[in-house]
Each structure stands twice: as C-alpha cells, then as structure tokens.
Undergrad: 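I have a structure I would like to understand better, so I am pasting it below and will then ask my questions one at a time.
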Amino acid sequence: GGIVEERIQGRDFLSPSVQMRISPLGDVEILSTHDQMLGGPSGGSFLGSKFPADPGYGPLIASEAAKIGDRLAALGALGRFAVDFVVVRGDDDRWESYAIEINLRLGGTTHPFQILQFLTEGRFYPEDGVFRAPSGQEKYYVASDHLESTLYRAFAPNDLFDICIRHGLHFDQAKQTGVLLHMLPTVGENGRFGVVAVGDSPEHAEELYERVFLEYGDDSVAQLGGVHPGQQLAADPVGGELGVGVSAHDGLVEVPHVALGGEHRGVIRRQPEVLREAQAARGGQLDERAADPSDPGRRDLQRRQVGLG
C-alpha cells in the first residue's frame, strides 16, 4: 500500500502549534499556542518558539485543536500533547489552518511555557490568544534550546549568569520580564545553551532575545581576543608547551578560570580540540569590531559570528 498526502499551498506559509492537556477526568485544556522557529539543513528542524502564536490565526488553531483534543479524550488519551499546524493565507487573504501532526508527549514548547507560568502565576486565554499575569499585564516570550556557537565555548556556566546580570538581562521579578537561562552544564563543551526571553509585548521579547546574542557574543569575543586570562593558550595544548598557567590532566587541558570581573574561580577542564578552536579564533578568525559598541556595523558582524548572519 501507499500513503497519499495533500500538498498545502498558499501565501505566508507558517508552522504554529497548540499545546494541550487531557486530565484524568477527561477535561481538555488548551495550554498555549506557539509560532515555531524552524531551521536546519531542510528548514524543518525545531529551533525554538515564540509565544503566543500570531493573533491573526492563534484563536483559529486553538479552536481546531480543541476538536482533536475532544477526540483523543474519547479514545482514552491522558496528559500533555501538542498538535502541529500549517497556516497559509487563502485567495481571500484569510488564514487557513491544517493540522499535520499530533505529538503525544512533552515537547520543545513545554518547558518555556512552564517557566512562564511558574514565574508569573498567570494563565493563557485561548479565546483571545493571550497570556495574562494576575496584574492583567500580557506576557510574551521568545525561547530557544539552540543558542549555539563555537565562541560560547569560552564560557563556564557562572560566566553566563555574570554576563546576564551585568547587561541587565536577568529576570526582574518585580517587572516580570527578562531572560531565563537553561541547559548550562555543557556550554563549555558544546558551545550551546537555552534561553527564554520574557517581555510585555512581542517586540519587547524579541529585543531581549536579540540582546542575548549581542551581549554574549561581545563577551566571548573579548575573552577569545585575550582579555580573559584563562584563554592564554599555546599553539598545541597537547604537545607539552601549554602556555601560561595551562596544564594537562587525564587527557584534558586545565585552564585557569578567571571571570570577566577578575574573580578567580579555580580551573576549567576542556577537551584539547575545544581549546584549539579557541586559539584559532584568537589567531584572527574573529572580527573584533563586533565587540566595539561604536562600530555601526557591530550588529551585523555579531550576528555573523554567532551563525545568524
């Protein structure tokens, strides 16, 4: 046999999703709607999300997802799940929605939404397509598990918090806005961490998210450019001449960890290839104009260095 799928065509082709929950009593709850941020070689890999989905189609997909939820509840399904949609503009310029996939599990939109709920004690109103804190203030976020760059390997987890606070990006409980960091332990090995940027408007959340790339990229350029004493490496960290204050241990390289503010925090253990990449960056692969706030091209340079340009 075979499977025949309809090819969906239209203008403004987008991929939002709806997160739902079925209680043990069979009640169906619409938890959230998201616009998915997709990328990768095929353009179909999940990289992050924006919450809530665009108001032009958010209530529409929530309504359609509720029908699916009722059917799943009747079949005995329990717990959280998500429905992926495709939305396009039709000839009459109205949004048309198509449900394309059901994910009976927690997903990439689950933990950012739970973070927002925990921090604000607010709730999502599917009929309006908005999330409101108890104060009545609407809340929005941009979230990603894929902030990734070789430059970020210059950091230890404590550095990430230092930079966040120094640039005023940290979450302010009084305003209930700011940046939350997660997936921190492997940043030194993989150059990757996650972020949830919470704002009072879609534009505010986007601005905070954009600043994460700029500020973290600036400080990684500074560290790899020689400001950070812990990155004073020799040409070959494995070959014996390890440079100032650097030593080998159990196949890894130990580098003195000095925070950007000058505080000594012991040592960082890194794989040799990670440190080779750091030195290669110091040797001229970085455009250090990206760390100069007065350079008019700083934003474009920084986006290229972290893989966004």
Undergrad: Is any side-chain heavy atom of Y141 closer than 4.5 Å to one of K50?
TA: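 No, every pair of side-chain atoms sits at 4.5 Å or beyond.
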Undergrad: Using every non-hydrogen atom in the two residues, find where A62 and T33 come nearest and quote the distance to one decimal.
TA: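 Smallest interatomic distance, heavy atoms only, reads CB-CG2, 4.2 Å.
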Undergrad: Using a 6.0 Å cut-off, check whether atom NZ of K139 has over 12 heavy atoms from anything other than its own residue.
TA: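 Yes - once you tally the heavy atoms of other residues, nucleotides and ligands closer than 6.0 Å, there are more than 12.
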Undergrad: Atom CZ of R211 and atom CD of E207: how far apart are they, to the nearest 0.5 Å?
TA: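 Spacing of CZ (R211) from CD (E207) equals 6.5 Å.
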Undergrad: Nearest 0.5 Å please: distance from the CG atom of L169 over to the OG1 atom of T177.
TA: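 With rounding to 0.5 Å, CG (L169) is 10.5 Å from OG1 (T177).
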Undergrad: Does a side-chain heavy-atom distance below 4.5 Å link Q36 with D84?
TA: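 They are in side-chain contact.
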Undergrad: Does A156 offer a backbone N or O that forms a donor-acceptor pair with the side chain of D159 under 3.5 Å?
TA: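 Yes, because the side chain of D159 sits within donor-acceptor range (under 3.5 Å) of the backbone of A156.
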Undergrad: Would you confirm whether S201, through its side chain, and H204, through its main-chain N or O, come within 3.5 Å as a donor-acceptor pair?
TA: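 Checking the backbone N and O of H204 against the side chain of S201, a donor-acceptor pair under 3.5 Å is found.
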Undergrad: Using a 3.5 Å distance criterion without hydrogens, assess whether the side chain of S23 forms a donor-acceptor pair with backbone atoms of D27.
TA: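 A pair under 3.5 Å: yes.
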Undergrad: Can you sort out the partners of K175 under salt bridge (charged side-chain N to carboxylate O under 4.0 Å, His left out), two or more places apart, ordered by chain and number?
TA: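 K175 satisfies salt bridge (charged side-chain N to carboxylate O under 4.0 Å, His left out) with no residue once adjacent residues are dropped.
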Undergrad: Which is it for I68 and V18 under the side chain to side chain contact (heavy atoms under 4.5 Å, CB included) test, yes or no, and what are the steps along the way?
TA: CA-CA 11 Å; I68 298 172; V18 180; over 6 Å; no
Undergrad: Do the non-hydrogen side-chain atoms of L60 and F85 ever get within less than 4.5 Å of each other?
TA: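 No - every pair of side-chain heavy atoms lies 4.5 Å or more apart.
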Undergrad: Mind checking the CZ-CG spacing from F193 to L184? Nearest 0.5 Å is all I need.
TA: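 CG of L184 is found 8.0 Å from CZ of F193.
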Undergrad: Report yes if the side chains of Q176 and V198 come closer than 4.5 Å at any heavy-atom pair, otherwise no.
TA: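 Heavy-atom side-chain distance check fails, nothing below 4.5 Å.
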Undergrad: Using the ring of each side chain (for Trp, its six-membered ring), is F51 parallel, tilted or perpendicular to H34, with breaks at 30° and 60°?
TA: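 F51 vs H34 ring planes: tilted.
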Undergrad: Run the side chain to side chain contact (heavy atoms under 4.5 Å, CB included) check on R89 and W95 step by step: do they pass?
TA: CA-CA 5 Å; R89 289 189 188 273; W95 288 106; 3.4 Å; yes
Undergrad: Can any side-chain N or O of R80 pair as donor or acceptor with the backbone N or O of L31 at less than 3.5 Å?
TA: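 Not at all, since once roles are kept as given, no pair shorter than 3.5 Å links the two residues.
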Undergrad: Determine whether V142 and M37 make a side-chain contact, defined as any pair of heavy atoms from C-beta on separated by less than 4.5 Å.
TA: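 Yes, side chains in contact.
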Undergrad: Can you give me the closest heavy-atom contact between S144 and L47, atom names plus distance?
TA: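 Residues S144 and L47, closest heavy atoms: OG-O, 2.7 Å.
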Undergrad: Nearest 0.5 Å, please: how far is CG in N103 from CD in Q19?
TA: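 One finds 11.0 Å between CD of Q19 and CG of N103.
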Undergrad: Once you round to the nearest 0.5 Å, how far does CG of L208 lie from CZ of F171?
TA: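 Here the rounded value is 10.5 Å.
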Undergrad: How long is the gap from CG on L104 to CG on L72, to the nearest 0.5 Å?
TA: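 Result: 6.0 Å between the selected atoms.
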Undergrad: Do you know which two heavy atoms are closest between D35 and D54, and how far apart they sit?
TA: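 Heavy atoms only, the tightest pair is OD2-N, 3.0 Å.
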Undergrad: Give the cluster check for F13 versus Y98: same hydrophobic cluster or not, with ILVMFWY residues linked at side-chain heavy-atom distances below 4.5 Å.
TA: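 Yes, F13 connects to Y98 through the hydrophobic network.
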Undergrad: If you compare all heavy atoms of A205 against all heavy atoms of A197, which two are closest, and at what distance to 0.1 Å?
TA: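 The answer is CB-O, 3.6 Å.
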Undergrad: Would you mind writing out the side-chain donor-acceptor pairs for residues 112-129 within the sub-3.5 Å range, not counting sequence neighbours?
TA:
residue : atom : partner : partner atom : Å
T120    : OG1  : L116    : O            : 2.7
T120    : OG1  : G122    : N            : 3.2

Undergrad: Would you call V88 and R11 a side-chain contact if the rule is heavy atoms closer than 4.5 Å?
TA: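 Side-chain contact under 4.5 Å: no.
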Undergrad: Can you get from V87 to M20 by hopping between Ile, Leu, Val, Met, Phe, Trp and Tyr side chains that sit under 4.5 Å apart?
TA: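 Both belong to a single hydrophobic cluster.
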Undergrad: Does a side-chain heavy-atom distance below 4.5 Å link D145 with H111?
TA: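 Answer yes - side chains close enough.
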Undergrad: Mind checking whether F161 and I163 sit in one hydrophobic cluster, side chains of I, L, V, M, F, W, Y counted as touching below 4.5 Å?
TA: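 In one cluster with F161: I163, yes.
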Undergrad: Taking all atoms of both residues into account, what is the closest heavy-atom pair of S17 and T109, and its distance?
TA: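 For S17 and T109, the tightest heavy-atom pair comes out as OG-CG2, 4.2 Å.
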Undergrad: Give the cluster check for I61 versus V86: same hydrophobic cluster or not, with ILVMFWY residues linked at side-chain heavy-atom distances below 4.5 Å.
TA: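 No.
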Undergrad: Hey, are the side chains of S32 and F131 touching, using non-hydrogen atoms and a 4.5 Å cut-off?
TA: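 With C-beta onward as the side chain, the pair stays apart.
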Undergrad: Assigning hydrophobic clusters by single linkage (Ile, Leu, Val, Met, Phe, Trp, Tyr; side-chain heavy-atom cutoff under 4.5 Å), is V195 placed with V187?
TA: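 Per the 4.5 Å side-chain linkage, V195 and V187 are co-clustered.
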Undergrad: Show the nearest heavy-atom pair for residues A77 and I22, with the distance to one decimal.
TA: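 Scanning both residues, the minimum pair turns out to be O-CG2, 3.2 Å.
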Undergrad: Ignoring hydrogens and angles, tell me if any N or O in the side chain of D172 forms a donor-acceptor pair with the backbone of A174 under 3.5 Å.
TA: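 Pair found, side chain donor or acceptor close to backbone of A174.
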